[in-house]
Every structure is written in structure tokens, then in C-alpha cells.
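Beneath this line is the structure, given in C-alpha cells, with notes to follow.
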Amino acid sequence: MAETKVAAAAAGPVEEGGSKTVVVVGVDDSDHSYSALEWAVRYVATASEATELVVVHAKQGSSSVFTMGGAAVAGDVSGYVEEDLRKKADEVVEKARSLCVANSVEGVVEVMDGQPGNVICNAVEKHGADILVVGSQGYGAIRRAFLGSVSDYCAHNANCSVMIVKQPKIKK
């Protein structure tokens with residue numbers, strides 16, 4: 001697990017013994033996820049009480065990418081896949097860090113290995129989150145049934161309130 005502190009000059013410290021609201025936001029490289037991050041950053045930036053932001057990215061292992069081809073194929077390309085997954089995680093973290101700094105929001109960014117729903121719900125528990133923010137891919141019921149939905153999983157399994165942020169509709 002990689003964890004980094006994102007600090008902005010205008011962010012102030014939380015007073016000792018003071019109560020704070022903890023907001024966890026799950027991010028990946030999708031536009032839907034970035035909309036959720038933008039919502040969470042705005043929420044934290046305008047909160048009237050002490051609020052902590054935790055940005056979580058789930059980096060799936062290269063073994064979860066291989067479903068066919070056997071061990072020989074997996075062994076040949078797993079290093080390339082792992083490097084690509086690491087680069088993608090670095091890009092997600094940098095984008096999150098930039099948005100936080102641009103809005104003078106201090107937060108913690110974590111990259112953890114595992115399935116997104118599990119990783120995000122574990123982060124909720126670890127940080128004692130009051131609010132979980134996730135994006136919605138906008139899949140229909142049939143697609144969700146076959147592909148699964150991180151937002152659905154989190155809504156049913158997180159032990160806090162869950163905000164599912166929809167992607168704004170493009171006006172024609």
C-alpha cells in the first residue's frame with residue numbers, strides 16, 4: 001500500500017480533541033470517478049466543520065487481468081501488465097493530488113491492491129468514514145448484472161452514508 005499526504009498551503013490543522021468528518025472517495029481512471037472526486041473536494045473545501053479527505057485507488061493485481069492463456073502466457077506478460085497498472089495508479093494519484101492542491105484541500109491518497117469494492121469498503125472501516133463518495137458508470141440493470149458495479153457494492157456494504165455521483169449529462 002502506498003500512502004501520501006496531499007497538502008495545500010491554505011489548509012489548516014485539525015484541532016486536538018476536535019471532532020471531524022471523514023470523507024472517503026474511491027477513484028480510478030474514469031470520468032465518472034473524477035466527477036466523484038470533484039464533488040468530494042468541493043464538499044471538503046466548503047465544509048463548515050473540520051473535514052478529512054481520504055482518496056482511495058484500488059490497483060488490481062496483474063493476476064486478475066489474466067483469465068485465459070495459462071501460466072506460460074501470464075508469466076511472459078505479467079511484468080508488462082504490472083508496470084502498466086502501476087503507471088495508471090500513478091496517473092490517478094497525480095490527478096487527485098492536483099485537484100486537491102488546486103482547491104486548497106488537504107487529504108491522504110492511498111493506493112491499495114485488491115478488488116475496488118473491497119478496497120474502498122476496507123478504507124471506510126480503516127478511517128472511520130462518515131461519508132463515502134463514489135462515481136456511477138450509469139450502467140443499465142442488465143450490464144450491471146454481468147459486469148458488477150462498484151457503486152452498488154459499496155452502497156450495500158459500506159458502514160457509512162454513501163454518495164453516488166452521476167456523470168453530468170451532456171446537453172445537445
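All residue numbers refer to positions in the sequence shown, counting from 1. The figures that follow rest on heavy atoms only: side chains count, while hydrogens, waters and symmetry mates do not. None of the values given here were measured: they were computed from a predicted structure.
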- prompt: Does any donor atom in the side chain of E49 or S19 lie under 3.5 Å from an acceptor atom in the other side chain?
  reply: no
Which residues share a ring pair (Phe, Tyr, Trp, His ring centres under 6.0 Å) with Y43, sequence neighbours left out: W39
- prompt: Rounded to the nearest 0.5 Å, how far apart are NE2 of H127 and CG of L132?
  reply: 12.0 Å
message: Working note: K88 + E91, criterion salt bridge (charged side-chain N to carboxylate O under 4.0 Å, His left out); need CA distance, chi angles, decisive distance, verdict.
response: CA-CA 5 Å; K88 190 163 297 264; E91 291 169 6; 5.4 Å; no
- request: Please answer whether the main-chain N or O of E94 pairs with a side-chain N or O of S98 as donor and acceptor at a distance below 3.5 Å.
  value: yes
Contacts table for residues 157-164: side-chain donor-acceptor under 3.5 angstrom, sequence neighbours left out:
unit_1: N157; atom_1: ND2; unit_2: Y153; atom_2: O; d: 2.8
unit_1: N159; atom_1: ND2; unit_2: E125; atom_2: OE2; d: 2.3

- request: Would you indicate whether D31, at its atom CG, is surrounded by more than 12 heavy atoms from other residues, nucleotides or ligands within a distance under 6.0 Å?
  value: no
Reported OG1-to-CD1 distance for the pair T51 and I131, which is rounded to 0.5 angstrom: 8.0 Å
Single hit among V23, L37, V111 for side chain to side chain contact (heavy atoms under 4.5 Å, CB included) with V55: L37
query: Who are the salt bridge (charged side-chain N to carboxylate O under 4.0 Å, His left out) partners of R42, not counting sequence neighbours?
result: none
query: How close do A58 and G114 get, heavy atom to heavy atom, and via which atoms?
result: CB-O, 3.7 Å
Shortest non-hydrogen separation from V134 to S151 and the atoms involved: CG2-CB, 3.8 Å
message: With heavy-atom distances below 4.5 Å as the criterion, would you say the side chains of P116 and D28 are in contact?
response: no
- request: Look up atom NZ in K126 and atom SG in C121, then write down how far apart they are to the nearest 0.5 Å.
  value: 14.5 Å
- prompt: Got H57 and K95 here, is their nearest side-chain heavy-atom distance under 4.5 Å?
  reply: no
